[in-house]
There are 2 protein chains.
Amino acid sequence: MEDYNEKQLAIISVAEKLFAEKGFHGTSVRDIAQVAEVNIAMISYYFGSKDKLLEAVFRHRMEASRAFINELVQNDTMSPLEKIYTLIDRFVNKMLNEQSFQCIMNREQLNGEKSPIHNLIWTVKGEMLGLMRPIITNAQDAGIFHTGIDVELLMTTMFGTIHQIIPAQHILRKEPELKNMNDETFKEYLRLRLSTHLKKLFKAILTHEF
Amino acid sequence: MEDYNEKQLAIISVAEKLFAEKGFHGTSVRDIAQVAEVNIAMISYYFGSKDKLLEAVFRHRMEASRAFINELVQNDTMSPLEKIYTLIDRFVNKMLNEQSFQCIMNREQLNGEKSPIHNLIWTVKGEMLGLMRPIITNAQDAGIFHTGIDVELLMTTMFGTIHQIIPAQHILRKEPELKNMNDETFKEYLRLRLSTHLKKLFKAILTHEF
DNA sequence: TTGTTTAAATTAAACGTTTGTTTAACTTTG
DNA sequence: CAAAGTTAAACAAACGTTTAATTTAAACAA
């Protein structure tokens, strides 16, 4: 765990925001320095290079993701469906709370060339799959969940739906009743709507009830 | 409908591939010129600028998307579920056949700044939603589909799942039985697997059968 | 409290590349 | 011969990074 000072955190925060909006190559270190109100040289001074800064942004969020996963493993008292529900709730919550970072991840995972970041992304995704799979297969063995479910693709469906909704927000928001909603209340509305949709979807495919 | 000569089509094709792999800003016009085996100046000569080239790539694919949508509207003899099934089949097929372009679209829709391309993306997506919604709502009115379905999010789920599987392919492929599969047969395998998963998902949430 | 020392922080300027685009000369084609 | 196609070279601007000078801050001895 690395501890950054205020200025370093400001740079990381601004970089995350700008990388998300304009992409890594679409953002210059001068842009970052200007918005973060620091000298251009400070970025090289603190992080070494622009690439290393991106890595810092990733490590900063990924460590939290790792902790997030381990935290989810517990609670064996819940029923399989309850476990899936809390899993959905927490993923939706987490991903809507770090939308900028999710944008960057969405972009980076498309890159053809392999990189340390590339590996990190797929390692974490693999760990999340390793978390979800036993919940489902155990419930299948116990006769609680239906068989014939493609767990990998179900995971993909969850991530894909949340990822897809992030850039689509401004379209949803054009509905007249949502237009003059506070930013925070809209996020809450979206969180609930996403969560409800995914739970219905998962319940329908996993159990045969509604 | 614009007609391009061979050289222009080569540039568009190479640009699509490289933009998909490395992003728009991550690809230089020199890269494109080199791979397409044309002089750098020809890109400006034919398309005006790098931005216009991206627009050309988009128009080239988007016109096909428009035609694709209009083609789907027909066939009123099918049951609602059959309509949804063919919709899924054809979307999966289409998107897996133009993966490079889907990568570019995935990237571009994340951009903060609005652009002609941005508008085009969301216009087409809106048209696709306008195609799916009546199928579902009509079936709901007829009592065939269950109510309480978030059509917008169901659409998002379909697009999100397919979009998400494109960069995740090389992970799925690490399974021993898929490792030494022909590229084309793997694509066929993936097409079937995706299609099956989405149909099960949609059938489960729309009807209450399995 | 002083003055001195030392390392970290900060800055403006300059560095060499690479960028997208244009030029002007040349070749091909109809 | 005129228009379109093609080329290597040159363009200014922007890029990420480094330099060298300066300021700040903390530590230490008198």
Side-chain angles (χ1 to χ4, degrees), chain A residues 1-60 104 107-108 111-113 115-118, chain B residues 1-60 104 107-108 111-113 115-118:
Chain A
M1 188 63 175
E2 321 176 25
D3 42 351
Y4 296 115
N5 62 38
E6 271 189 42
K7 218 160 219 173
Q8 289 170 314
L9 286 173
I11 293 171
I12 288 179
S13 170
V14 169
E16 185 183 67
K17 183 169 174 288
L18 294 185
F19 287 160
E21 285 174 7
K22 313 197 284 177
F24 177 72
H25 292 293
T27 307
S28 72
V29 291
R30 283 171 176 83
D31 290 337
I32 299 170
Q34 192 183 357
V35 177
E37 291 177 313
V38 299
N39 190 282
I40 322 165
M42 297 306 292
I43 291 173
S44 291
Y45 178 71
Y46 276 135
F47 299 97
S49 69
K50 191 190 175 190
D51 287 85
K52 298 265 190 64
L53 172 57
L54 178 61
E55 281 189 46
V57 170
F58 259 83
R59 269 195 299 278
H60 191 241
I104 300 178
R107 277 207 172 87
E108 289 300 316
N111 284 355
E113 299 161 14
S115 66
I117 287 173
H118 217 91
Chain B
M1 188 64 173
E2 320 177 25
D3 45 348
Y4 297 115
N5 62 38
E6 272 189 41
K7 218 160 217 173
Q8 289 171 314
L9 285 173
I11 294 170
I12 289 179
S13 170
V14 168
E16 184 183 67
K17 184 170 173 289
L18 295 185
F19 287 160
E21 285 174 7
K22 315 198 286 179
F24 177 73
H25 292 292
T27 306
S28 73
V29 291
R30 282 171 177 81
D31 290 337
I32 299 170
Q34 192 183 355
V35 177
E37 292 175 312
V38 298
N39 191 281
I40 323 165
M42 296 307 290
I43 291 172
S44 290
Y45 178 72
Y46 277 134
F47 299 97
S49 69
K50 192 189 175 188
D51 287 85
K52 298 266 190 65
L53 171 58
L54 178 61
E55 281 188 45
V57 171
F58 258 83
R59 267 196 301 277
H60 191 240
I104 301 177
R107 277 208 172 84
E108 288 301 315
N111 284 357
E113 299 161 13
S115 65
I117 287 173
H118 217 92

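Since this is a predicted model, take the numbers as computed values, not measurements. Residue numbering restarts at 1 for every chain, and letters A, B, ... go by the order of the sequence lines.
Within a heavy-atom distance below 4.0 Å of DNA chain C, the residues of residues 35-56 of chain B found are B:Ile40, B:Ala41, B:Ser44, B:Ser49, B:Lys50. Contacts with DNA chain D (heavy atom under 4.0 Å) in residues 12-29 of chain A: A:Thr27, A:Ser28, A:Val29, listed by number.
Few gaps surround NZ on B:Lys50; more than 12 heavy atoms of other groups in view lie less than 6.0 Å from it. Other residues, nucleotides and ligands contribute at most 12 non-hydrogen atoms within 6.0 Å of the NE2 atom of A:His60.
Side-chain N or O atoms of B:Gln8 include one that pairs as donor or acceptor with a backbone N or O of B:Asn5 at under 3.5 Å. A donor-acceptor pair is defined here as one N or O able to donate and one able to accept, closer than 3.5 Å; such a pair exists between the side chain of B:Arg107 and the backbone of B:Ala20.
At least one side-chain heavy atom of B:Lys22 sits under 4.5 Å from a side-chain heavy atom of B:Asp31. Side-chain atoms of A:Leu53 and A:Ile32, non-hydrogen and from C-beta on, do get closer than 4.5 Å to each other.
Taking atom CG of residue B:Asp31 and atom C1' of nucleotide C:dT21, one finds them 16 Å apart after rounding to whole Å. Rounded to an integer number of Å, the gap from B:Lys7 NZ to D:dA4 P is 16 Å. A:Tyr4 has its OH atom 18 Å from the P atom of C:dA8, to the nearest Å. If you measure from atom CG of B:Asn5 to atom P of D:dA4, you get 14 Å, rounded to the nearest angstrom. Between the CZ atom of A:Arg30 and the P atom of C:dT11 there is a distance of 15 Å, given to the nearest Å.
None of A:Thr27, A:Ile12, A:Ile117 except one satisfies the side-chain contact (heavy atoms from CB on, under 4.5 Å) rule with A:Leu54; the exception is A:Ile117.
To the nearest 0.5 angstrom, A:Ile104 atom CD1 is 10.0 Å from A:Glu21 atom CD. With rounding to the nearest 0.5 angstrom, the CZ atom of A:Phe47 is 8.0 Å from the CD1 atom of A:Ile43. Going from atom OG of A:Ser115 over to atom CZ of A:Phe58 covers 8.0 Å, rounded to the nearest 0.5 Å.
In terms of heavy atoms, B:Ala36 sits closest to B:Ala10 at CB-O, 4.2 Å.
For D:dA30, the paired base is C:dT1 (Watson-Crick or G-U wobble, both distances below 3.5 Å).
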Protein-nucleotides 24-30 of chain C N/O pairs under 3.5 Å:
none

